[in-house]
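So that the names make sense, note that chain A is the first sequence line, chain B the second, and so on, each numbered from 1. No hydrogens, no waters, no symmetry mates; every other heavy atom, side chains included, goes into these values.
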Amino acid sequence: MSNATPTATAVHPCPHCGTPVAGPVGTYCCHGCEAAAEILGQAGLEGWYAARQQAAPRVGAVRPVDVAWDRLGVTPVSEGLVEATFAIDGLRCASCTWVCERLLERTDGVEDAHVSYATGRARVRFRADATDLGQVTQRVTGIGYTPRPVDDPGHPDRDLMMRLGVAAFAAANLMGLHIALYAGAFEGMDPRFVQLFRWMALLLATPVATWSAMPFHAGAVHGLRVGTVHMDLPVSLAVGLVSLHGLVATVLHRETYLDSLGMLVALLLAGRVLEARGRRRTAEAATRLAARVPRDARRVTEDGVEEVASDALQPGDRVLLALGDDVPADGVLAAGRVSAALAVLTGESRAVDLGVGDALVAGAVIEDGHGELVVTRAAGDTLLAGMARQLQEAADRPVPPTAADRLAPAFVSATLGVAVATLGLVGLSHGLDEAIARTAAVLVVACPCALALSAPMVGAAGLGAAARRGLLMRRPDALEALAQVDVVMLDKTGTVTGGRPEVVAADPEALRIAAGLARMSRHPVSQALLEAAVAQGVPIPVVDDGVEHPGLGLDGTLDGVGWTLRSGGAGIVRITAEDGPTHLIHLADRPRPEAAADLAALRAVVPDVRLLTGDHRGVAERIGADVGLEAVQAEVDPAGKRAAVIDAQQAGHRVLLVGDGVNDGPALAVADVGIAMQSGAASSVAAAGGVLVGDRLAPLVAGVRVGRLVQAAVHRNLWRSGTYNVLAVLAAVLGWIGPLTAAVLMPLSSGLVIASAAGLDGALRRQEEAT
Amino acid sequence: MNALFFLVPIAVLLGAGFALAFLWAVRDGQYDDVDDAAERVLHDDA
């Protein structure tokens with residue numbers, strides 16, 4: 001363009017967020033980024049710009065989260081000092097963590113701050129009289145990251161870790177003492193030392209059998225109380241009986257199995273700790289997305305506006321809505337114009353324009369404009385709350401028992417039967433002494449250590465392997481269910497497509513003008529225009545006296561010509577110059593660029609992939625054709641999605657549903673495996689058994705593979721440990737197994753299980769390389 | 001040989017001391033986030 005100003009031709013990245021902007025070096029893309037740089041400069045942290053690995057989020061694009069920080073609890077630490085924990089979203093690299101931590105530390109009134117990269121959480125200690133949580137979190141918001149309240153889950157695995165520590169300490173010393181005893185049995189040993197070592201072993205084993213093994217005892221008792229027998233019962237029984245035998249045998253100067261006991265409890269607890277850690281990590285990531293947040297509402301009263309909690313609203317109240325607000329209750333717009341995204345309900349993040357008389361629902365986000373809402377339903381009566389309840393009920397379904405748990409009852413009765421039979425028969429033939437020794441051996445070798453370890457170890461390895469590839473599954477049994485899936489149903493919006501408008505056709509000049517106007521707006525269409533300009537390398541010009549008319553469009557002057565940007569109907573943006581020329585830009589929801597490749601990979605592991613969408617047939621079929629899917633069901637409502645899943649299940653299929661809206665909730669809940677998109681509606685995340693991180697479908701392929709490997713490993717371990725148990729029990733009944741043999745056999749069988757878990761990631765990597 | 005009557009229990013007691021130290025460390029939260037220290041060391045103090 002001949003009359004372009006010189007500044008419009010040079011493009012440089014914004015110093016803060018890296019968005020390309022027209023202008024000399026150091027031009028910021030928006031006021032937000034400029035302010036962020038100023039905040040960092042004042043805190044003496046400008047060195048971060050040189051050291052960081054990733055640019056910061058664009059401050060102007062961050063939607064301010066409307067949180068009633070003052071209502072959140074802080075924990076008093078000491079005189080005037082309080083501590084609070086909150087999550088920070090948008091941390092992309094370790095240096096982001098670092099800059100947030102330093103910035104918090106250098107905030108007035110803050111004594112100490114710690115931000116964890118692994119969990120994305122900040123723990124801040126500050127003087128309650130000098131500052132408050134709202135001001136503290138504001139600092140993080142100011143540089144483009146998003147603080148969010150979390151429920152502090154406490155420290156769930158500290159308890160297990162301590163029990164494991166005691167068990168491991170005791171097991172190591174027990175082993176040392178028993179090695180001396182075994183050596184003494186062959187080489188001869190002063191009987192006084194034998195006595196000393198046996199009593200010391202008993203002393204060491206006591207806390208292990210009681211305190212360390214308490215989770216197993218508690219689990220067994222709980223299982224009996226609710227009338228089920230799971231793997232904790234045989235473990236608890238074995239621990240109890242072996243320690244009882246140890247007590248009696250020590251008093252009677254006989255050999256004990258206490259070294260095996262220590263090792264058994266330590267190994268099983270190690271499995272528990274691994275499982276708890278893996279699950280906490282995935283659950284944390286999943287609940288992080290579904291977190292419900294206390295919010296403020298601005299209620300209009302006779303003498304002004306007051307801030308109230310959204311739960312306190314009543315039908316008939318009038319509430320002010322402004323840009324960035326979450327709608328606090330269901331209601332009808334009584335004044336103003338807004339553009340609202342209903343993503344929380346429909347998964348469609350495209351904003352709809354609403355005027356007076358239109359209905360709004362709680363959880364919708366005001367992306368543009370302002371207005372006044374008359375509340376019709378509030379607090380627990382809103383549509384959103386109702387759906388959340390239904391989803392919670394679905395999530396509370398009982399956990400299906402694992403393969404090991406299904407075997408437990410038969411296992412317990414068989415072991416006890418063999419033990420009683422040994423006691424009786426050997427007692428008759430060889431006398432009581434020999435009978436007790438052999439029965440103890442039976443109980444030690446029959447203890448299903450390998451069997452009980454198998455599911456948690458392999459499950460934890462599987463969860464970890466899937467999580468590293470971008471699929472967070474909540475529970476290991478969902479991984480096993482994933483292995484059996486033979487039909488995949490995809491919700492179109494947000495899974496295959498981006499769920500946001502994208503520019504499909506525009507000439508560069510139109511895009512340049514549109515992007516210049518759009519720069520001052522956060523409307524999704526404006527964002528799409530900016531993204532398109534950046535992607536096509538069109539420099540974004542600086543517009544003079546730009547004005548945004550919420551719900552209507554944008555005005556501004558560019559190179560001395562006044563332009564207006566207005567909606568030109570569905571999927572069309574019209575930009576008109578004051579002297580006549582008009583450009584049209586077409587937008588549409590398009591398949592993600594990598595969707596076709598991801599789907600091809602998915603169909604290599606699960607051939608039957610179907611598209612299920614509420615969209616019009618024409619749109620759905622076009623998108624299906626774009627990504628190479630023939631099986632397309634269009635114009636399906638939420639109940640229809642649920643019915644489609646049930647139909648497929650009745651035809652004998654195992655269904656994996658991938659969805660992203662609350663409207664997918666019912667279907668996600670009935671599917672054999674439901675997986676939500678991280679970017680999807682919070683409550684769909686709550687209903688799903690797993691979450692896809694990022695917006696690609698590729699992790700599903702890894703998930704199915706991991707599931708199959710986990711299933712194979714669990715089956716293999718069942719066979720191995722079953723065979724071992726049968727053979728070992730037979731040998732024990734025949735009197736071939738003494739304490740020494742038991743002490744060698746047990747870690748061997750557990751070692752096999754641990755090896756199969758450790759090999760899982762390698763096996764997966766080999767499969768990935770083969771394709 | 002009689003010295004062993006003291007030495008072996010003392011050895012176990014020493015071990016118990018370390019076990020107690022471990023319990024204290026767990027309670028202190030030192031095992032709550034074991035991946036963080038590795039990241040942190042890269043950024044101290046620019």
Relative to chain B, which segment of [X] carries a heavy atom at a distance below 4.5 Å: side chain, backbone, both, or neither?
X       : answer
L45(A)  : neither
M162(A) : both
L204(A) : side chain

A11(B), part contacting chain A, at a heavy-atom distance under 4.5 Å: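 Contact with chain A: none, neither part.
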Check this for me, if you would: do R125(A) and E83(A) make a salt bridge, where the nitrogen-to-carboxylate-oxygen distance has to be below 4.0 angstrom?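 So R125(A) pairs with E83(A) through a salt bridge.
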Salt bridge check: are R469(A) and D761(A) linked by an N-O gap of less than 4.0 Å?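 A salt bridge links R469(A) with D761(A).
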How about F193(A) and F5(B): are their ring centroids closer than 6.0 Å?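 Centroid separation for F193(A) and F5(B): below 6.0 Å.
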Would R102(A) pass as a cation-pi partner of W48(A), given that its NZ or CZ must be under 6.0 Å from the six-membered ring centre and within 45 degrees of the axis?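 Verdict for W48(A): no cation-pi partner in R102(A).
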